[in-house]
There are 2 protein chains.
Amino acid sequence: MDYKDSCIIRHFNHYCSLSEADKRLLNDLEQSPTEIKAGAQLWEEGDRATEFCTLRTGWAYSYRHLENGNRQILEVYLPGDIIGLREFAFCQRLAGVQMIEDGVVCHFPHARMLELFRQSTTLTSVLFAISSRQQALLTERLVNLARRSARQKMAHFLLEMYVRLRQTEPDGGAAFRLPLSQEQLADILGLSPVHVSRTFSALGEDDLVHRDRHQLLIPDMEALAHEGEFDQCYLTDSLRPLLDEVG
Amino acid sequence: MDYKDSCIIRHFNHYCSLSEADKRLLNDLEQSPTEIKAGAQLWEEGDRATEFCTLRTGWAYSYRHLENGNRQILEVYLPGDIIGLREFAFCQRLAGVQMIEDGVVCHFPHARMLELFRQSTTLTSVLFAISSRQQALLTERLVNLARRSARQKMAHFLLEMYVRLRQTEPDGGAAFRLPLSQEQLADILGLSPVHVSRTFSALGEDDLVHRDRHQLLIPDMEALAHEGEFDQCYLTDSLRPLLDEVG
DNA sequence: CGGAACGTTGAATCGGGTCAAGCTTGGTGG
DNA sequence: CCACCAAGCTTGACCCGATTCAACGTTCCG
């Protein structure tokens, strides 16, 4: 069988080479694909948590609402990502998830994960690695939110998205599409929408980021990385050495 | 055999009841206990990551340094916690880890984790659940850092620590010991040490938190929880239902 | 008793938030 | 094809929470 169209298999393969049996197991997670519209919710905070989703196409994000009406976006999901991993240990959803663009998702129940644990040590390890990587993303974002200026936050986030996109679509140069409104960016970065606008202007004037609508261009990666104290090691390191060594 | 002295078994038991064989496997992780002094580092950012630690006694924290000299503390570890889970997928340490008090830790190599995956689906699930819970802690802290005022940050963090402590030491009422300096609190909450001091004073005047040195008293949990928008569901939910159902 | 680390207090400053008005853009229907 | 409207983006003025710097207390330890 040919699985080259499966985002999730491509994603797992990035960590470790998979046997045919493993690929079949993974492919089973991508049954019952469901189309879903931009702006639609996969679920809301407080919903019962009984399943995961794989994101096949489109972008999504998870978020939390606050009492003062603010919203904080926790993570941005790209095609191939697994959504809801965090809630494995929980009965309730801790965060809502919403689509940024039209897309396709596949649901599978928590219990299926236990079967994976039983059936493949390799897939278990990769799942663990994916979960670790998500944690790494979170801690990096945490540092970003806690300690950096608006300029640095923007610079850092844009580079993070750029690198993540290029990991699945290596071609395309220094320009990319970021389908996020400034309000969504504000909710990601812990800023006000107004200040996102100002910050974009400031970065533009310094030739660090050029933007036209949702199209972005980073003329000088080095310079922007320096501005945002961005070090991509938290995105690029991988499990391969350990798994290869043990077999 | 009697494992009641083992923090890590107590910790795992919290998620799911363990067989004797599972307990034996876990107990093996706690060989070669090492004493370690307050202020000593388990490792630094950039060190090669080849092993985990279980924390048997004492408190520890993970942190990141920033270029401007600031430091951000990512998580606070209590006895029974596993340190370094996040770096399973990485060759390098993404964060340093330092002891807050004198303590005892036990090292075990990454490869040992793969053995656990092979030998026990139950332990694998619990490990996954622990990793999920750590992620939940991180996302909650992220919201805290991104969107809340200094008062709210303090209130929220103090309650989080209180609830986590009471999960392993249920007795002790509304008072507890928090062995953190104001500088460390500042590094946790993304504030300046000066403002931590001011915030403590303000909370004290409103009878929300009374503090004497490292001893804390929360006279009215409800009031403080309201102040910090604290909802402990992200700390208390558990894996048990799923595992019991599947067996 | 002296010193170092830690905590407190005040004054000045600044980054980012809020509010409000005006400007673009893209989609819709006449 | 154009007119209109609603979102979304930009810009300016003002404000406030938190930072910084500096001086002064306090506690603990050798």
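Keep in mind that the numbers below use all heavy atoms, side chains included, and drop hydrogens, waters and symmetry copies. Note that the structure is a prediction, hence the values are computed from the model and not measured. Numbered from 1 within each chain, the chains take letters A, B, ... in sequence-line order.
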Rounded distance (Å) that lies between atom [atom2] of [N] and atom [atom1] of [X]:
X: B/Asp212; N: C/dG7; atom1: CG; atom2: C1'; result: 13 Å
X: A/Leu185; N: D/dC9; atom1: CG; atom2: P; result: 9 Å
X: B/Glu183; N: C/dA5; atom1: CD; atom2: C1'; result: 10 Å
X: B/Met154; N: D/dA18; atom1: CE; atom2: P; result: 12 Å
X: A/Leu216; N: D/dC9; atom1: CG; atom2: C1'; result: 15 Å
X: A/Leu191; N: D/dT10; atom1: CG; atom2: P; result: 14 Å
X: A/Leu203; N: D/dT10; atom1: CG; atom2: P; result: 12 Å
X: B/Arg148; N: C/dG17; atom1: CZ; atom2: C1'; result: 18 Å

Using side chain to side chain contact (heavy atoms under 4.5 Å, CB included) as the criterion, point out the one residue from A/Gln41, A/Gln184, A/Gln72 that pairs with A/Tyr63.
-> A/Gln41

Is A/Arg48 atom CZ crowded by more than 12 heavy atoms from other residues, nucleotides or ligands, each under 6.0 Å away?
-> no

Just wondering, more than 12 heavy atoms not from A/His226 lying within 6.0 Å of its NE2?
-> no

Within the structure shown, what part of the strands sits under 4.0 Å from [X] by heavy-atom distance: base, sugar-phosphate, or nothing?
X: A/Arg213; value: sugar-phosphate
X: B/Ser192; value: base
X: B/Val194; value: base

Between the axis at one end of the helix from C/dC1-D/dG30 to C/dG30-D/dC1 and the axis at the other (five pairs apiece), what's the angle to 10 degrees?
-> 40°

The nucleotide from C/dG7, C/dG10, C/dT18 with an atom nearest the side chain of A/Arg198 is C/dT18

Using a cut-off of strictly less than 4.0 Å, decide whether [X] has a side-chain nitrogen or oxygen near OP1 or OP2 of [N].
X: A/Gln182; N: D/dT10; value: yes
X: A/Ser201; N: D/dT11; value: yes
X: A/Arg211; N: D/dT10; value: yes

Salt bridge (Lys or Arg N to Asp or Glu O under 4.0 Å) partners for B/Asp206, two or more places apart | B/Arg151

Does A/Arg71 pair with A/Asp187 as a salt bridge, N-O distance under 4.0 Å?
-> yes

Assess whether salt bridge (Lys or Arg N to Asp or Glu O under 4.0 Å) is satisfied between B/Glu45 and B/Arg64, documenting all intermediate values.
-> CA-CA 7 Å; B/Glu45 286 166 71; B/Arg64 289 271 313 274; 3.5 Å; yes

Between A/Phe52 and A/Phe108, how do the two ring planes meet: parallel, tilted or perpendicular, split at 30° and 60°?
-> tilted

